[in-house]
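To start, the structure itself, in structure tokens.
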Amino acid sequence: MSESTQPHQQANNLWSSRMAFILAAAGSAVGLGNIWKFPYITGENGGGAFVLIYLACIFLIGVPVLIAETMIGRRGGQSPVATMRTLTKTEGTARGWRAIGWNGVIASFLVLSFYAVIGGWALVYIGKAATGLFTGADAEAIGGQFGGLLANPWELLMWHSVFMVIVVFIVGRGIRSGLEKAVNMLMPLLFVLLVAMVIYAMNSGSFGRAVSFMFSPDFSKLTTAGVLTALGHAAFTLSIGIGVLMAYGSYLPKTVNIARTAMTIAVVDTSVALLAGLAIFPLVFANGLEPGAGPGLIFVTLPLAFGQMSGGALFGTIFFALLLVAAITSAISMLEPVVEWLEEHKGVSRAKSAIGGGLAIWFIGIGTVLSFNVWESVHPLGFIPFFEGKTVFDLLDFLVSNLMMPLGGLAIALFAGWAMKRESLPADIGLQGSSYKAFMFVLRYLTPAGIAVVFLYNLL
Ligand code: PHE
């Protein structure tokens with residue numbers, strides 16, 4: 001393919017190194033999904049069996065799609081929509097595959113609308129920790145603080161707005177150089193802090209119980225909907241199926257080995273999630289809290305610990321600040337496909353695209369803000385038994401994480417495995433001989449079959 005059809009593949013535009021791409025893709029992967037969402041959905045779905053299915057989904061479905069999506073992005077070298085349009089031509093495939101690009105742009109748009117609201121919670125909690133609000137507080141007081149935040153739509157809206165402004169500002173200026181530097185230092189620091197939290201949790205007296213909750217599978221606690229949640233979360237946490245890796249892959253130098261890179265990202269991402277679980281569940285059990293408490297889980301357990309440990313105010317402040325950074329590096333990756341699309345298709349400048357896209361996303365986010373208070377008992381699809389009791393936020397999360405991302409992943413696996421020309425695939429992916437064959441077998445058969453089985457079970 002010539003340079004002119006791959007505008008992102010120009011030398012001055014590329015990631016500066018393999019490491020830079022890993023940091024950006026890991027920055028996208030590691031976020032609220034790992035620290036906020038993974039523990040609470042693990043709690044809601046009964047622990048061990050859910051974790052096992054989630055891990056299987058990561059390596060059987062997540063990693064192959066991560067590889068395929070990045071490879072497609074690099075081949076296309078443009079925004080997800082334009083990349084898919086170009087590739088359907090150059091690969092001589094049906095036009096219908098273009099839906100992958102559109103699915104990505106729409107899903108990125110929707111996911112950021114609720115992600116930014118939760119990002120706002122992290123902002124609030126930096127302030128709470130810094131001003132010593134947790135010090136000596138008991139579970140009830142800490143729960144009350146969280147309940148008070150959710151009950152106040154104006155406060156939620158304000159922090160949602162602040163979060164969106166930060167994201168729009170970074171994306172509007174062009175992401176790569178600044179992002180590389182930020183992620184470089186802060187992500188390893190978050191990792192260290194999580195390890196410190198796990199060590200603290202080890203002494204809480206309930207570490208053994210937490211380990212067996214997370215790692216001894218009891219399949220009687222897992223529903224078919226729970227299996228879909230595990231699959232959806234594997235997609236969510238790796239940021240696959242949504243065009244983000246296609247967008248980031250479009251700037252990836254040809255020399256980088258995608259297979260190895262993808263594995264590194266998956267291992268880092270999974271370790272962060274498991275560490276978060278190991279930090280949180282001991283505190284949940286030691287304090288007699290409910291593992292299935294829902295989206296507030298980390299905001300009611302971690303502050304308790306920060307309130308009891310010495311130096312907890314400082315430690316808590318740093319922790320929530322790093323959580324914010326992790327959320328921001330994910331959020332900017334969500335805005336990227338939307339901005340690239342506006343730039344390429346509507347001819348709008350990057351700054352204006354970021355502001356326009358950001359405003360629209362901010363507006364949709366109000367639905368999530370209200371889901372926790374004024375619209376708490378509004379259940380738009382409540383007449384369907386499966387969606388009973390689900391708020392606007394729950395539905396958006398379900399639509400993006402459990403439908404659009406895994407189905408986008410399915411389409412990507414099928415496109416790369418069956419529709420694309422084979423000749424240059426081994427070199428593009430970075431695998432040879434038997435490992436290439438094994439990978440293609442997984443991508444062509446096991447990955448699609450895995451996703452299909454989960455969906456069929458949920459439909460029947
Ligand atoms: N992977 C991110 C997280 O775990 C969320 C995300 C979803 C990022 C979709 C980009 C796209 O927090």
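Everything numeric in this text was worked out from a predicted model, so none of it was measured. Whatever order the structure lists them in is the order used to number ligands and atoms, beginning at 1.
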Heavy atom of the protein closest to [atom] (residue, atom name, distance):
atom	result
atom 8 (C) of ligand 1	Ser239 OG, 3.2 Å
atom 1 (N) of ligand 1	Phe236 O, 2.8 Å
atom 4 (O) of ligand 1	Ala29 O, 2.9 Å
atom 9 (C) of ligand 1	Met405 CE, 3.7 Å
atom 6 (C) of ligand 1	Met334 CE, 3.4 Å
atom 2 (C) of ligand 1	Ser28 O, 3.2 Å

Are a donor atom and an acceptor atom from the side chains of Ser161 and Trp362 found within less than 3.5 Å of each other? yes
If we only count heavy atoms from C-beta on, is the Phe236 to Tyr115 side-chain gap below 4.5 Å?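 A side-chain contact exists here, since the closest heavy-atom pair is under 4.5 Å.
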Should Val244 be counted as touching ligand 1, given the test is an N or O pair under 3.5 Å?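 N/O-N/O distance below 3.5 Å does not exist for this pair.
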Short N/O distance, under 3.5 Å, between Leu32 and ligand 1?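 Yes, there is a polar N/O contact under 3.5 Å.
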Answer with yes or no whether Tyr115 contacts ligand 1, where contact means a heavy atom under 4.0 Å from a ligand atom. yes
For Gln78 and Pro7, work out which heavy atoms get closest and say how close. CG-CD, 3.3 Å
Just jot down the ligand 1 atoms closer than 4.0 angstrom to any heavy atom of [X], in number order.
X	answer
Ser333	10 (C)
Thr237	1 (N), 4 (O)
Gly31	3 (C), 4 (O), 12 (O)
Asn34	4 (O)

Is there a donor-acceptor pair closer than 3.5 Å between any side-chain N or O of [X] and the backbone N or O of [Y]?
X	Y	result
Ser371	Gly367	yes
Asn34	Thr237	no
Glu336	Val171	no
Arg74	Val256	yes

Is Lys221 paired with Glu44 through a side-chain N to carboxylate O contact shorter than 4.0 Å? no
Option among Trp121, Tyr125, Phe163, Phe319 that satisfies the side-chain contact (heavy atoms from CB on, under 4.5 Å) test with Leu324: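 By the side-chain contact (heavy atoms from CB on, under 4.5 Å) criterion, Leu324 pairs with just one of Trp121, Tyr125, Phe163, Phe319: Phe163.
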